[in-house]
Amino acid sequence: MITSELIRRFDIPGPRYTSYPTADRFYADKQGHALERAIEARRDNPRVLSLYIHIPFCESVCYYCGCNKIVTKNHGVAMSYLQTLFSEIDHIARLLDHGRVEDLLVAQLHLGGGSPTFLSDEQLGELMSHLNYRFHWRQNCEKSIEVDPRTINVERLAHLKQLGFNRLSFGIQDFDADVQLAIHRVQSFSSVQSLMKEARALQFDSINMDLIYGLPKQTPASFLRTLQQVVSLRPDRIALYGYAHLPERFKPQRRINQEDLPNAQQKCDMLDEAVSFFMAEGYEYIGMDHFALPHDELARVKKEGQLHRNFQGYHTLKDCDLIGFGVSAISEVGQCYSQNLKTVDTYSQALSLGQLPIEKALELNEDDQLRRQVIMSLMCQGRVDKLAIEQQFGIQFNDYFTDALDRLTEFEDAGLLSVSDTLIEVNEAGWFVIRAIAMAFDYYLWHETDHRRFSKVL
Ligand code: SF4
């Protein structure tokens, strides 16, 4: 399905659309007034909450990394960071709270980073106690945590379970020894195998594994061995990301030897091989870079057309407000996005002055909301119901989106989607370039020329 012709024509730099408008469109909002207004606006109709907590620390750097993290072996830094995090949680919880349970009702919690498991068991316990004190958990609340297998053992897994986590996400990337050396992330298959065995015994509800194709020293043959090892562990979900080599933007990537990177054809073969292999092994394609076993919640909501997308990727919760805590974390409350300050110093300083630690925000106008609906519909369902959009927004779809529909012609001619009077529908091959298809509807992209800051879509 994935041909070199497809790559040549459509593997262009583009956003991942974890939001629309994308975060590079947010404007300065140092005092956090936009988020305050959005929180105030939810007073009359509080939606259930999804919380994201960013723990920025890692013990060592992975050379492919493009995340906002602080590499240190000094675990003492986590203590003062946690205290600052607690003051942010307190500040936001006070704004949300109007004396009703629904003001602070949480249906999803996700700890990401960095490496949340950089925190000690005791520190994770304190964090969960603080959240327990400030928020109410909805029944069956999803509580997930990203786990770096190098920083955890079976005892720590049991402790995570005890703290109430019911979902795990293991950062794997690749099991091949040469690749692991080239990316400076060495972790054995047997250690992950033991962790998986224990996690199953502890009955975590869902376990995800993250993989990356396009890493240095990877070949289609070596990557197939990794895929076989991963699938032998039967994770409920698999996220398969393409490595984006942007050394001018991400300093750790400068340690990667350019000659060690697979070429475009090899990358294409690895993606193709992975997709076929996962499908043959009973996984369902969720969208873009996600796969899940049929029993998993993600596969179920995909079938029901209820899949959603936010800053953490695909998720299952409809109509929620996302609050991000910690450095660089992003919130989405009502029609407002806001992003926290990106360094620990500026973040701590704002909170010590009693301010929200916000760097930038964006309040969506009507056109943003309409385009967000269309783009998210493409990203999550691979289709757009033109009539439903017309009804919801009071527009004539074909008139409003004349330019965007013109841009889709190229994809239609390539056999990647079909456009009728009522529907835009992406087919299986089209899913691989869904970001490029969604770009047709991005107002901001077509009003500037520099797309280079984005990674390529495949
Ligand atoms: S990839 Fe993850 S663990 Fe590695 S340096 Fe980046 S944030 Fe840390």
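In each ligand, atom 1 is the first atom listed, and ligand 1 is the first ligand listed.
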Next on the checklist: Students often mix this up, so state it plainly: with edges at 30° and 60°, are the rings of Phe223 and Tyr213 parallel, tilted or perpendicular?
Outcome noted: tilted

Item to check | Sub-4.0 Å heavy-atom contact, Arg185 with ligand 1 | outcome: yes

Item to check | Under-4.0 Å salt bridge between Arg185 and Asp148 | outcome: yes

Checklist entry - Among Pro252, Gly66, Gly114, which residue places a heavy atom closest to atom 2 (Fe) of ligand 1? => result Gly114

Checklist outcome for this item: Among non-hydrogen protein atoms, atom 6 (Fe) of ligand 1 lies closest to Cys65 SG, 2.4 Å

Next on the checklist: Closer than 4.0 angstrom, basic N to acidic O: yes or no for Glu332 and Arg372?
Outcome noted: yes

Checklist entry - Does ligand 1 have a heavy atom under 4.0 Å from the side chain of Cys62, from its backbone, from both, or from neither? => result both

Checklist entry - Of all the non-hydrogen atoms in the protein, which one sits nearest to atom 1 (S) of ligand 1, and at what distance? => result Tyr64 OH, 3.5 Å

Checklist entry - So which heavy atom in the protein is nearest atom 8 (Fe) of ligand 1, and how far is it from that ligand atom? => result Cys58 SG, 2.3 Å

Checklist entry - Would one find more than 12 heavy atoms of other residues, nucleotides or ligands at under 6.0 Å from atom OH of Tyr133? => result no

Checklist outcome for this item: Between Gly214 and Lys267 the two heavy atoms that sit nearest each other are CA-CG, 3.8 Å

Checklist entry - Closer than 4.0 angstrom: is that true for some heavy atom of Ser115 and an atom of ligand 1? => result yes

Next on the checklist: Check Asp236 with Arg200, please: is the shortest side-chain N to carboxylate O separation under 4.0 Å?
Outcome noted: yes

